Amino acid sequence: MMRLFGRRKGQIEMLDFIAGAFIFMSALLLVIWVWNLSGETIWSFEETLDLKHRSLAAINTLSMTPGFPTNWEDESNFSANPPQAIGLVTSAYEFSEDKLDALESLDYNTTREILGLAREDFWLGIMDEEENVKFSYGVPNSGPAVLERLGIYDGEVVRFILALKSYD
Amino acid sequence: MAIAIITLDAIIAATLSAILIAAAVDLLGQREMEKQDILLQYGYSLLAASDKSGTLAQITEFNSSEFKDMLQLVPEHICIEAELYLENGSIFYHADNYNESQIGKSTGCRLNRQYGKLPEIVTASRTVVNEGDIYPALIKLWYKDYLRESEGISI
């Protein structure tokens, strides 16, 4: 009886161990699954945040500063001496025809690098109240990130739009 | 001894859980702040453009047609209220983009205030000077609910 009891006791311990190991493995797998899921969500959020920061910096520079040098649009040879910062306004939100013309003659890839958007395709546009496109530069149908400001161009209030599509 | 070890385990687990929860709450708060900041920057561009184009000055001369046209440019998913005040603080002018009588379209922004959580409203102000008179201008902006939950970037 003692031997039988001893064997049974051993079997119970084995059963305990198996049950414990099963619960532990289940918990471990659950943690790994949640970790991966959260990791993907956090990574996606961080990417969105990064894109948001860079696009905000770009639209603010374009719509609130004249660029650097401030008369960068007067430069005749952009390929030899590109501007260090591109701004499209004479004062905040007042768009300059000369600067917009100068931007059109700038190489798209150079502009991307100067704006800090080397990892994205972008489109810049100015639209009036009737949704007529008064200015367009870059790759149309960019998105899904769309940033917008109101400004003044050619004496009227317009929408200034920056749309971005990330490669990542 | 065994109880002491279990208690220590529990304390460590509780501390780690609290740290994780605090980090998650902080992340969510940060995301909300980013969205409000984008909205605020848009609001300031609207105020600057309306002031520099003379549209706000026109309101002080009892002509608000251009400003109402300008409010039509505000994206559909944004609700906006604009007010101009007199120097004594009384309201001189009010407009919004959700009152049908104001600009001819109803965007449903009012629903946000009647049902569920109140929206996070951002305010931007600018002082308008016309013929020596000072008119403080204030705009309030908020997202419609469906955008608040989206992950996209807009405005």
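Throughout, protein chains are lettered first and strands after them, A, B, ... in sequence-line order, and every chain is numbered starting at 1. The structure presented is a predicted model; accordingly, all values stated were derived computationally and were not measured.
In this structure, chain B has heavy atoms under 4.5 Å from both the backbone and the side chain of A:Ser91. In this structure, chain B has no heavy atom under 4.5 Å from any part of A:Glu156.
Side-chain heavy atoms closer than 4.5 Å link hydrophobic residues (I, L, V, M, F, W, Y) into clusters, and following such links, even through other members, never connects A:Leu88 to A:Met64. Linking ILVMFWY residues whenever their side-chain heavy atoms come closer than 4.5 Å, directly or via other members, places A:Leu115 and A:Tyr137 in the same cluster. Under the 4.5 Å side-chain heavy-atom criterion for Ile, Leu, Val, Met, Phe, Trp and Tyr, A:Phe160 and A:Ile152 are members of distinct hydrophobic clusters. Cluster annotation: A:Phe95 and A:Phe68 are assigned to distinct hydrophobic clusters (Ile/Leu/Val/Met/Phe/Trp/Tyr, side-chain heavy-atom contacts under 4.5 Å, transitive). Linking Ile, Leu, Val, Met, Phe, Trp and Tyr whenever their side-chain heavy atoms come within less than 4.5 Å puts A:Met25 and A:Ile32 in one cluster.
A distance of 5.5 Å separates CD in B:Gln41 from CG in A:Leu56, rounded to the nearest 0.5 Å. Note that OG of B:Ser53 and CD of A:Glu94 are 9.0 Å apart. Values are rounded to the nearest 0.5 Å. The distance from atom CD of A:Glu148 to atom CD1 of B:Ile38, rounded to the nearest 0.5 Å, is 12.5 Å.
Per-residue heavy-atom pair counts under 4.5 Å with chain B were compared for A:Asp128, A:Val158, A:Asn60, and the maximum is reached by A:Asn60.
Closest approach of B:Tyr44 and A:Tyr93 over heavy atoms only: O-CE1, 4.2 Å.
Side-chain N or O atoms of B:Lys52 include one that pairs as donor or acceptor with a backbone N or O of A:Ala92 at under 3.5 Å.
A:Leu150 is listed as a side-chain neighbour of B:Tyr42, based on a closest heavy-atom distance under 4.5 Å.
Paired with A:Val157 under the rule side chain to side chain contact (heavy atoms under 4.5 Å, CB included), one option of B:Asp69, B:Leu46, B:Leu73 passes, and it is B:Leu73.
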